Every structure is written in structure tokens, then in C-alpha cells.
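Heads up, the thing below is written out as C-alpha cells.
Note that the structure is predicted; figures quoted are calculated from it, not measured.
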Amino acid sequence: MHKIIRVTTIPKSLGGLLRGQLKFMSQYYHVIGISGKGGDRLDKVAREEEVPVIPVEMTRKITPIQDLRAVYQLYKIFKKEKPDIVHSHTPKAGTLSMLAAKLAGVPHRLHTIAGMPLLEVTGAKRTLLDIVEKLTYSCATMIYPNSFGLKEIIIKNKYTKPKKLKVIGNGSSNGIDISHFDPELYSEEDCIALRTELKIDPADTVFIYLGRLVKDKGINELVAAFKRLNQENSNSKLLLVGIFENDLDPLFPEVEQEIKTNPDIIFAGWQSDVRPYFAISDILGFPSYREGFPNVVMQAGAMGLASIVTDINGCNEIIEDGVNGIIIPPKDEESLYVSLKKLVEDKELLFKLSSKSRTMIVDRYGRQSMWESILEEYKTLLS
């Protein structure tokens, strides 16, 4: 049986970003997962995906000594296991495992690109990251951008030759489990109970953001735009579900203060199950600066929400302006404010956008279809 090793920087990505995929592939291949230790999270991935896992510590920052140590560990694992394919996700895991896999002579070295943090970096750091990106691509035998827009960005930046690039299916890294993200799973009583707990009135229009509360996700603009709307229309709430990352990408101090003090901004923190929060919301606000193929936008759509997203790759492939959401320029607080206001005031438009949301996700991004497309890619390579 052919052997495939899947690599991510942290277990949260291995078990979350790729949820169910390793287990599915293990029906056809011998699959091994590699990721950081992360407490008992890697063991949890092993249990849920029913595949063996190997811990290799990888940092998300630039740490040359630790990175070289990780490359050597990965090299030893690949020489011992002799996989036919090493397939990596997330930037650091991609660089380290593609280099180690090439040194170890792995025949098929695949890396999926799901967003490029370096696009928001400038100066000497950007130059360094560009070099690292090109190194990753040169060590890989195939690169899979998870959106068509991302593929064009890679070509534009000349990171690799177009023939090495391929988007699988309609985009995304893992599709979406449409039976899991289904608004029908939540009764009116369930929604009323959670809205009551969060002090959300029945008449309130709820905007939800889900993800890391950082500058790159447009949170500074989202909070500022909502504050303006909130001063004019008190029948609206902003529900923030996620975590701050002040060490990596902090918000403006005044924005963090607004989140803490505005009673109409509800900070729910990190949630293991986000579906109840989508179920009580009306509109996803996702003004991110950069993405690969955002799961959050697919999840919100599957839960029947209209979305306001920025005109960036991934987002502008999932959302069609005026059909299942509104597309605005990135880093544009004024456009974001106008769109928030429009959907609060025009209920007919909101209903029109929401009514198309789930159907469009079901038709394009079902998880099973995505897995079968990746499986077909593996079969083609291994034949």
C-alpha cells in the first residue's frame, strides 16, 4: 500500500483544517500525520482520524535554530518511513517538510497554499519571506493554491512556474461538511435561549465575525464601522467569536478598548462549536486583508447567512456580489460602514442574499466531493 504523510505546523490545523480528510484517505493509503505536540491535541487527532501521528515541533515565527532542528527531524522520519507522498499545509510546515522531503528523496512533494501572510509584509522581512516562499516551491513537485485568485497571485509574484500550480475542485483545502453546518439543526427555542444569554434582543440585527481578532482580518475597520452604525442604530449587535493574538498581530488600543466597553459588541471568546453562534446571527462581517480560501465564509453561507467580505482571493470566489453577499474593497472602513447600514435597513435585500447562501455552498463546496477530487489527484500522481 502506498504511504502518504500529511504535515501541518500545529495539531489544530491537522485536526481542524483537514478534519475527516486523513481518515477518508486511510481507506486507500497508509496515512501518517505530523504536527507539533500541542499538549494532548495531537493524540486527539490520532484518535479522531484513526491514523498514527508523529510530533515534530515547528514554530510559526522565524526561528532559524529550531527550524533547522525540525528539518533534520523530518528528514529522519521521511528516510525511515519512505513515503510516496509528503503533503504539507500551513507556511512553516510547508517550508520545512518540502526541504526535508527533497533531501530525503521523497518522489511526490505536495504543498497546499491556503493564504499568504507575507502579502501584508514590507521591507527586508518581505524580501526574506519571498526567498523562503520560492525555496518552498522549488523543493515541492506540485503546489496547490486553494483558490484561483491565490494561483494568480503566485504567478504574478513569480514564485514558481505556472505548470507546477493546480487548484483542486472549485477551491478550498477541505470543503465543508454541509450536514454539520446546517441551520435546521437549531430550533427557534435554541436560538432564543442563546440570544437571551448574550443579551441580544429579538429585534436586533446580529453581525458576526469568527476567527482571530487581529489587524490582518480587518477587525480595526469592522469595529470602527460598527461603532458608527451603532451610534445611529441601537438595534444591532456585533458578535465576535475568536481569540486575540496580541503577540503576533495586535489591534489598535482604541479598538480593543471599544470591544471591552461597548455593550453592543459581544466578545464570546474561542468556541469549540461555532454553529450556535451562526444560528443566532444574520450577517457575517469578514473584512480580511488576505485569505486563501476562508472556511468561515463557507461555514456562514452553509448556515444561511449573507456575508460582507473584501474583494480578495477566496472571498470573492465564494461570494457573488448582490447574490449571496456584498463585496467591498479591503481596508475600507467607509465601504464597510455603508454595507453594514444597508443590510440593517434593507430587510428585503438581506432576505434575498440569505436565501441563496446555503444553496450556493452545497452546490460548490461539499466536503465529500473535495476529498474525492484530492484522492483522484493522488491516484493520478501515483499511477
Would you check if there is a donor-acceptor pair between the side chains of Glu221 and Tyr289 at a distance under 3.5 Å? yes
In sequence, state the C-alpha distance, the side-chain angles, and the governing distance for Glu81 and Val86, and then conclude on side-chain contact (heavy atoms from CB on, under 4.5 Å). CA-CA 11 Å; Glu81 296 291 343; Val86 168; over 6 Å; no
His2 and Tyr378: side chain donor to acceptor below 3.5 Å: no
Give a yes or no on this: more than 12 heavy atoms of other residues, nucleotides or ligands lie within 6.0 Å of atom NZ of Lys164. yes
Have Asn262 and Glu258 got a donor and an acceptor in their side chains that come within less than 3.5 Å? yes
Identify, with sequence neighbours excluded, every residue that meets ring pair (Phe, Tyr, Trp, His ring centres under 6.0 Å) alongside Phe244. Phe267
Fit a plane to each ring of Phe286 and Tyr209, take the angle between them on a 0 to 90° scale, and name the class: parallel (under 30°), tilted (30 to 60°) or perpendicular (over 60°). parallel
So, Thr90 versus Thr9: side-chain donor-acceptor pair below 3.5 Å or not? yes
Shortest non-hydrogen contact between Glu372 and Phe24, atoms and distance: CG-CZ, 4.2 Å
Side chain of Arg367, backbone of Ile178: donor and acceptor closer than 3.5 Å? no
Can you tell me how the ring of His111 sits relative to the ring of Tyr137, calling it parallel under 30°, perpendicular over 60° and tilted otherwise? tilted
Counting only N and O atoms by type, is there a donor-acceptor contact under 3.5 Å from the side chain of Asn324 to the main-chain atoms of Glu320? yes
Using a distance-only test with no angle check, is there a side-chain donor-acceptor pair under 3.5 angstrom linking Ser187 and Asp190? yes
Electrostatic pair Lys92:Asp67 at N-O distance under 4.0 angstrom: yes
Does a side chain donor of either Asn146 or Ser173 reach within less than 3.5 Å of an acceptor in the other side chain? yes
Salt bridge or not for Arg358 and Glu184, using N-O below 4.0 Å? no
ring-ring contact (aromatic ring centres under 6.0 Å, His included): pairs with one or both residues in residues 42-82, sequence neighbours excluded: none
More than 12 heavy atoms from other groups under 6.0 Å of CD on Glu188: no
How about Lys102 and Ser138: does a side-chain donor come under 3.5 Å of a side-chain acceptor? no
Counting only heavy atoms not in Lys125, do more than 12 sit closer than 6.0 Å to its NZ atom? no
Side-chain donor-acceptor pair present, Thr136, Thr95, cut-off under 3.5 Å: yes
Inspect the contact between Arg69 and Glu57 and indicate whether a charged nitrogen and a carboxylate oxygen are less than 4.0 angstrom apart. no
